[in-house]
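Working notes, beginning with the structure itself.
This one's a predicted model, so the numbers in the text were calculated from it and none came from an experiment. In what follows, chains are A, B, ... by sequence order, proteins preceding strands, each numbered from 1.
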Amino acid sequence: MVSYLPQSLSEALELLASTGAIPYGGGTDLMVEGKNDASYLFLHKIPELGVIAGDADYIRIGASCTFTRVADHPLCPGILKEAILQIAAPAIRNLGTIGGNIGNGSPKADSALIFFVTGSRLRLVSKRGERIIPIKDFYLGRRSLDLRPGELIAEVLIPKMGYDRYYYRKVGARDALAISRLSFAGIIKTQGDRIVNLATAFGAVSDVIIRREDIDAMLIGKTLAEAKTVRDNYLAAYAEAIVPIRGRVSEKYRKRVCMNLLRDFLDTMNI
Amino acid sequence: MSISESVIKTDHKRKITGEALYVADYPTAGLLFGRLLRSAKARARLIAVKPPELPSGYFYVDKNDVKGLNRVHIVQDDLPVFAEDTVEFIGDAIGMMVGPDRDTVEELAGKVTVEYEELTPVIRVEDSDTIFVDYHYDKGDAEKAFREADRVIEEVFETGHQEQAYLETQGIIARPEGERIVIHGSMQCPYYVHRAVAQATGYRPEQVRVKYDTTGGAFGGKEDYPSILAAQAAVAAIKAGRPVRVIFDRREDMEFTGKRHPSKCRYKAAIKNGRVTAMDIDVIYNSGAYITLSPVVIQRGIIGASGVYTIDNLKVRGRAVKTNTVPNGAFRGFGGPQTFFAVEMMMGHIAARLGEDALGFKLKHIAKKGDVTSTGGIHHFPVPLPAMIKQVCEACDFKSKREKYNTQTGTKRRGIGISLAYHGAGFTGRGEHELIKAVIRLHKYPDGRVEILTANTDMGQGLDTTFSKIAAGELNISLDRIIVEPADTDRVLDSGPTAASRSIMVVGELVRRGAARLRDEWREGDEQVIEEHFKEPDFVIPFNIKEFKGDAYPTCAWSVCAVEVELDTITGVARVLDACGSYDCGTPIDRRILIGQMEGGFMQAIGYASMEQMAADSSGRIRNNSLSDYIIPTAVDVPGLRCLLHEEAYPAGPFGAKGAGELPAVGGAAAYLEAMEQALGGVPLNHIPFSAENAIDILEKRGNAQ
């Protein structure tokens, strides 16, 4: 089998369209599979995919950026850095990429959880052009992505909103080199004592990351005091929404800890 | 310089530069690859096994190719080399496909059709109807003590599997050479392999040669298993007339090779005037599908079942029972960690019921020099536990933390626990005297260099270095004049297995004695050979295995471990904040090597108690057969690990050294669990591994989560 090492994005898209080779970021997932007969499209030489930059609305992270680069970059928000520094171990973070973490399609992807909670968008490119979609729409179901033939994940666009007040917890089987058994991220933005934005996301619990804007909307626009009065309803709505799938730890444990984390998030944010 | 002063390990350069050859490093040109065909059923009769049409140069090997006895000799003639009429666990070896191209071998192995008549497997020990071994022993008059007791406390303790998780997986190459068969690979015990191969092939002992290759970790996992694999590879190589290499990938290694025996121990204690006057202990180990090392594993387990304490009256029973799961084998501690976990928890729980401080209560019962052991032997040497307890308590501020953590609220709750343990040094009972009869040689060459010839292996524990230091120290020559070559049964006599924490204490002492003789008889420029034979120390009260009476071990290595945890009540996850141990292995032969051993073993003990979870499902299959699913602690998980030494020189060991390697795996688990008990508000816990999920369940029941 032949693998390819394109030097530019246009070359990569051309090759992807003509060969159907498997896009290969850092290889930390693909290496484990150890397929002898696979054809890979190595993406690490493409300058366009390795940029971290800001524009008026977004922090833009190229899909080939490694976890280590993102964690070290001044533009990247703290919640993302905190999540990334709990991924695997330094050697894997030096190779693993943001695009790969998303493209793997797992609800356990620790960086994807942050992109969900921040309402980030993905820029997907192909020979035919590009489209930008919310990350939530990219994940269709278990291991199922809205990635069309010939398309590559080019960038993640994180809305520039300021994420100073956030809450992040990953529960793994140990403190390093651990896949999430469940994870939780919450952000809040207030003006005075009014909640202008609040978002939560639960990882590794269901087939896709759980992000329920409709439930979080119960608290948005309210003062903290008002939010407290609907806290029980809010928790009850999530208690219904979180239906863990079977995993290496029991559904009961994961449900309970998700709810514990959500409560602790509210406590911490004085709701 | 003192013997304990650390040196650069003699195998350091070979390993750092990549010169050292592990079994997978040998060129594969001309080798055939072997792939075992394993049972997919936990228990079944084999009706028919049909290999596919084989291309030229490919062979299917099974029971019909075993020219010797189709039994692998471990403690006794036990499992078949290749299955006969039945298979007894998922993974039982039915045959082996061999051939020159690895992928083709895989493919052909997948095409063998096996027709099974399925039988109902036994997965849980409670359902077992086959007792492999059943031992009993008594000390004093337990019945009388129970009759006269103020109160009787009874509890059951359970422990799980533990996987050795050595870095290098199992691997063997078998090479037919004329009328002989040469075996080399990853192993602890070349002469065990030698015997198993001779028996399976029907070859005379002199036709079998076994060489150990540089071995990347073992922890007991390469004590018995290489005998099985070598017997299979040898049969295949003889049939093919070509060398055969079998090296497992991680999944095959984790799923199908022996682990620590899961256990269930029932303890009943008689209490009179605030003291434990008797214990009635019933120990059950899950042997898995075959006997392998279970008899000796459970012997050690029940001898240590009353822990470091002198209990005047004991009634102890130990059974190893059959289940249709992977056969368990040797793992660092060898039956000790299970019962030491149980007795330490038991003593703590008794203290709690009596309203006493656990450590204080334990101190009242600790054995002293001259005390009678569980088997009616004598503690011939000082028991340094009180000093070691003081050392550990000071190092981790134990007493004030233990006091402080008794009342806590909030989402982060701490706990600290301490456990006491010993490891009987060397083989149990008269094993050294009656079975092993170790022999070593020292060969002095005319140029003044001295080669140490033993059958013992360095699997990373530093034995090449420590043996060299013992010889150099006694001969008073420099270390670079000592030669240690990889053990080769054509060149070395049988100095016994590299197991049971015996290598330094027993074989090292033979090396020392030989070196002392050589020094006295030294003739400059001559070639000289010195031979030394094991002799049981004079003070030992001979052990009677039928009665379990006498000195089970000539001496013990001792440990005190403290573990401090912080429990997050939101997630149930506990972090280890501090882990501090003191270890008495006699005089260290190399302090850095010894500390390294203690740190590694302590980590394993913490993993055993907390995150290392492995169990067969209801079909008998182990599913978490990879290192991403079977979780062992990393350095990040136990950041504060501290190992201290207490040096109680043992007069019958080289330079005062006694057993070391296994000790740190024995005691740490109970310290972890006692810490968890405190963090959970003083609830008694009875099983390991103890997971975050277990913690959340308890918090939920107690209604004080958040």
For A:Arg93, the salt bridge (Lys or Arg N to Asp or Glu O under 4.0 Å) test, sequence neighbours excluded, returns none
- request: Could you verify whether a donor N or O on one side chain and an acceptor N or O on the other, from B:Thr28 and B:Arg102, lie under 3.5 Å apart?
  value: no
* Is the closest side-chain donor-acceptor distance between A:Tyr234 and A:Asp216 under 3.5 Å? -> yes
Of the listed B:Ala692, B:Ser628, B:Pro633, the one with the largest count of heavy-atom pairs under 4.5 Å with chain A is B:Ala692
Turns out that what part of B:Ala635 lies under 4.5 Å from chain A's heavy atoms comes down to neither
Okay, B:Asn624 and chain A: the region with an atom under 4.5 Å from a heavy atom over there is neither
query: Does any donor atom in the side chain of B:Tyr630 or B:Gln613 lie under 3.5 Å from an acceptor atom in the other side chain?
result: no
Between A:Pro77 and A:Tyr163 the two heavy atoms that sit nearest each other are CB-CD1, 3.8 Å
When the 4.5 angstrom heavy-atom criterion is applied to A:Arg248 and chain B, the contacting part is side chain
Whatever's closer than 4.5 Å to a heavy atom in chain A on B:Arg623 counts as neither
Across all chains, not counting sequence neighbours, the side chain to side chain contact (heavy atoms under 4.5 Å, CB included) partners of A:Ala237 are A:Ile215, A:Met218
So, the part of A:Arg169 with a heavy atom under 4.5 Å from chain B: the answer is side chain
Assert top hit (heavy-atom pairs under 4.5 Å, partner chain A, pool B:Asp629, B:Val636, B:Thr634) equals B:Asp629
If one checks every heavy atom of B:Leu627 against chain A at 4.5 Å, the contacting part turns out to be backbone
| Check ion pair A:Lys252-B:Glu693 (N to O, under 4.0 angstrom) | no
Bottom line for A:Val249: the part with an atom under 4.5 Å from chain B's heavy atoms is both
